Peer 1: 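Right, I'll just put the structure down here and ask away after.
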Amino acid sequence: MLVIQPKMVKFGEACWGGVSRVSVETSSEGMTKDWDEDGPYVVFADSTRRLTSVHVAQEIDGDDVSGPGLGVADELVVVVGSGNDAGRMTISIDVVVESVSYSFSGTRSTRLIQLVAVSSAGDIDPVRVTGGG
């Protein structure tokens, strides 16, 4: 999932301005694979452990020392869509801050925040999407 120029991004009570993009990526941390005796191709595969990572790129003007602390857990809310409510979607994810880094290009600075999504239960997707219609 990729959001370019979200309308609003909040982490807990803090509104993060200048966010240029948010990506939500899911990867398998454990795969079960099975073959039968008929040939070389996998006949069954399942992702037994999944990791959802969230990456936020925030453009920074001037000095900014207000980045999130490592290990801080809170809800990330991303509002996507047009100016009217018809196409608006809200993405909500409980996350923990994994890393905060910075990149520079000329006079532009970008804060890169990496978060790990946390589920309320192991069988519930931590990413909740509402609206959009």
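This one's a predicted model, so the numbers in the text were calculated from it and none came from an experiment. The figures here come from the full heavy-atom set of this structure, side chains too, leaving out hydrogens, waters and symmetry mates.
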Peer 1: Do I91 and M8 sit in the same hydrophobic cluster, where Ile, Leu, Val, Met, Phe, Trp and Tyr count as joined when their side-chain heavy atoms come under 4.5 Å apart?
Peer 2: no
Peer 1: Can you establish whether the number of heavy atoms outside R128 located under 6.0 Å from its atom CZ is more than 12?
Peer 2: yes
Peer 1: If we only count heavy atoms from C-beta on, is the S20 to Q5 side-chain gap below 4.5 Å?
Peer 2: yes
Peer 1: Sequence neighbours left out, what pairs pass salt bridge (Lys or Arg N to Asp or Glu O under 4.0 Å) with at least one residue falling in residues 15-28?
Peer 2: none
Peer 1: Is V129 reachable from L76 through a run of hydrophobic residues whose side-chain heavy atoms are each under 4.5 Å from the next?
Peer 2: yes
Peer 1: Same hydrophobic cluster for V54 and V96, using side-chain heavy-atom links shorter than 4.5 Å among ILVMFWY?
Peer 2: no
Peer 1: When clusters are formed by joining ILVMFWY residues with side-chain heavy atoms under 4.5 Å apart, either directly or through shared neighbours, do I93 and V72 land in the same one?
Peer 2: yes
Peer 1: Hey, are the side chains of F11 and V56 touching, using non-hydrogen atoms and a 4.5 Å cut-off?
Peer 2: no
Peer 1: Minimum heavy-atom separation for T52 and P126, please, with both atom names.
Peer 2: OG1-CG, 4.1 Å
Peer 1: Do K10 and D74 come close enough that some side-chain heavy atom pair is under 4.5 Å?
Peer 2: no
Peer 1: Give me the atom names and distance for the closest heavy-atom approach of V19 to P6.
Peer 2: O-CD, 3.6 Å
Peer 1: Give me the atom names and distance for the closest heavy-atom approach of L70 to V100.
Peer 2: CD2-N, 4.0 Å
Peer 1: Identify each donor-acceptor pair in which a side-chain atom of residues 111-120 lies under 3.5 Å from a protein atom, sequence neighbours left out, and give them as a table.
Peer 2:
residue : atom : partner : partner atom : Å
R111    : NE   : Y102    : OH           : 3.1
R111    : NH1  : Q58     : OE1          : 2.7
R111    : NH2  : D64     : OD1          : 3.0
Q114    : NE2  : E98     : OE1          : 2.7
S119    : OG   : A121    : N            : 3.2
S119    : OG   : A121    : O            : 2.3
S119    : OG   : I124    : O            : 2.5

Peer 1: Would V95 end up clustered with V77 when hydrophobic side chains under 4.5 Å apart are linked, directly or stepwise?
Peer 2: no
Peer 1: Can you give the donor-acceptor pairs under 3.5 Å from side chains of residues 28-38 to other protein atoms, not counting sequence neighbours?
Peer 2:
residue : atom : partner : partner atom : Å
S28     : OG   : G30     : N            : 3.4
S28     : OG   : G30     : O            : 3.1
S28     : OG   : S47     : OG           : 3.1
E29     : OE2  : S27     : OG           : 3.4
W35     : NE1  : P40     : O            : 3.2
D36     : OD1  : D38     : N            : 2.9

Peer 1: Please report the shortest heavy-atom distance between T110 and I60, naming the atom on each side.
Peer 2: C-CD1, 4.4 Å
